[in-house]
Engineer: 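Sharing a structure here in structure tokens format.
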Amino acid sequence: MSDDELEALKRKRLHELQRRIVLSEEKKEPVDVHKVLDSVFRGRSWEVFNTANSQYPSEMAEIEHQLVSLISEGKLKEIDGEQLFALLRKVGLRVSLNTGIKIVSHGKTQSLSEKIKESET
């Protein structure tokens with residue numbers, strides 16, 4: 001086999017590999033971020049995530065990207081609301097969540113303030 005034939009084979013093989021790469025990239029479906037996150041979010045994770053997203057949209061876009069990367073690499077299996085809240089605190093995002101204390105008494109749910117008003121009368 002001469003050098004010219006060897007070079008021709010190399011070019012042909014290189015062309016074939018490039019064609020395969022292009023075909024494999026075309027076949028990749030776009031990742032549904034919501035489904036990926038939903039597979040690991042537990043408890044109140046979506047509540048924390050959506051609240052943080054409304055308060056810090058640009059920062060949460062990067063965090064969302066990083067979470068999806070960790071999930072796809074298999075490094076993140078599960079995260080609940082408290083863990084996500086702590087993670088956001090560690091990266092410097094002070095997420096303000098609506099909180100309240102509810103009391104169930106005699107089959108009726110009341111807020112703490114309603115219960116105190118009721119007991120004062």
Engineer: Does any non-hydrogen side-chain atom of E64 lie less than 4.5 Å from one of F49?
Structural biologist: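 In short, these two side chains touch, coming nearer than 4.5 Å.
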
Engineer: Evaluate the side-chain proximity of V48 to L88: yes if any heavy-atom separation is below 4.5 Å, no if none is.
Structural biologist: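 Answer yes - side chains close enough.
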
Engineer: Once rounded to the nearest 0.5 Å, what's the spacing between atom CD of Q110 and atom OG of S105?
Structural biologist: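 Between Q110 CD and S105 OG, I get 6.5 Å after rounding to 0.5 Å.
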
Engineer: Yes or no on side chain to side chain contact (heavy atoms under 4.5 Å, CB included) for I63 and Y56, after CA distance, side-chain angles and deciding distance?
Structural biologist: CA-CA 10 Å; I63 291 171; Y56 303 99; over 6 Å; no

Engineer: Are the side chains of H34 and W46 in touch, meaning some heavy atoms are under 4.5 Å apart?
Structural biologist: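 Yes, side chains in contact.
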
Engineer: Answer whether the closest heavy-atom distance between the side chains of R42 and I79 falls below 4.5 Å.
Structural biologist: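 No. Closest side-chain heavy atoms not under 4.5 Å.
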
Engineer: Could you check if a side-chain atom of R89 sits within less than 4.5 angstrom of a side-chain atom of R94, using non-hydrogen atoms only?
Structural biologist: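 Contact flag for R89/R94 side chains = yes.
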
Engineer: Roughly how far, to the nearest 0.5 Å, is NE2 of H65 from CG of L70?
Structural biologist: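 It comes to 10.0 Å.
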
Engineer: So how far is it from L67 CG to E62 CD, rounded to the nearest 0.5 Å?
Structural biologist: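 Here the rounded value is 10.0 Å.
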
Engineer: Apply side chain to side chain contact (heavy atoms under 4.5 Å, CB included) to residues L84 and F41 and explain how you reach the verdict.
Structural biologist: CA-CA 9 Å; L84 182 58; F41 275 7; 4.1 Å; yes

Engineer: With Q55, which of N50, L97, V95 fulfils side-chain contact (heavy atoms from CB on, under 4.5 Å)?
Structural biologist: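 Among N50, L97, V95, the one that satisfies the side-chain contact (heavy atoms from CB on, under 4.5 Å) with Q55 is V95.
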
Engineer: For residues I101 and V104: do they belong to one hydrophobic cluster (side chain heavy atoms under 4.5 Å, members Ile, Leu, Val, Met, Phe, Trp, Tyr)?
Structural biologist: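 I101 does not cluster with V104.
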
Engineer: Distance from L9 atom CG to D4 atom CG, nearest 0.5 Å?
Structural biologist: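 If we round to the nearest 0.5 Å, L9:CG and D4:CG are 11.0 Å apart.
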
Engineer: Test side chain to side chain contact (heavy atoms under 4.5 Å, CB included) on E118 and K108; report intermediate values, then the result.
Structural biologist: CA-CA 13 Å; E118 183 182 282; K108 188 169 111 178; 3.7 Å; yes

Engineer: Under a 4.0 Å threshold between the charged nitrogen and the carboxylate oxygen, would R19 count as salt-bridged to E16?
Structural biologist: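 Looking at R19 together with E16, the answer is yes, because their closest N to O distance falls below 4.0 Å.
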
Engineer: Please assess Q18 against L14 for the test side chain to side chain contact (heavy atoms under 4.5 Å, CB included), listing each intermediate value before the final yes or no.
Structural biologist: CA-CA 6 Å; Q18 288 173 340; L14 178 63; 4.0 Å; yes

Engineer: Is the shortest heavy-atom distance from the side chain of K77 to the side chain of V40 under 4.5 Å?
Structural biologist: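 The answer is no, as the side chains (C-beta and beyond) never meet within the 4.5 Å cut-off.
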
Engineer: For a 4.5 angstrom cut-off between non-hydrogen side-chain atoms, does L93 reach M60?
Structural biologist: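 With C-beta onward as the side chain, the pair touches.
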
Engineer: Give a yes or no on whether a salt bridge exists between E114 and K102, defined as a side-chain N under 4.0 angstrom from a carboxylate O.
Structural biologist: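 Here E114 does not pair with K102 in a salt bridge, since their nearest N and O are not under 4.0 Å apart.
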
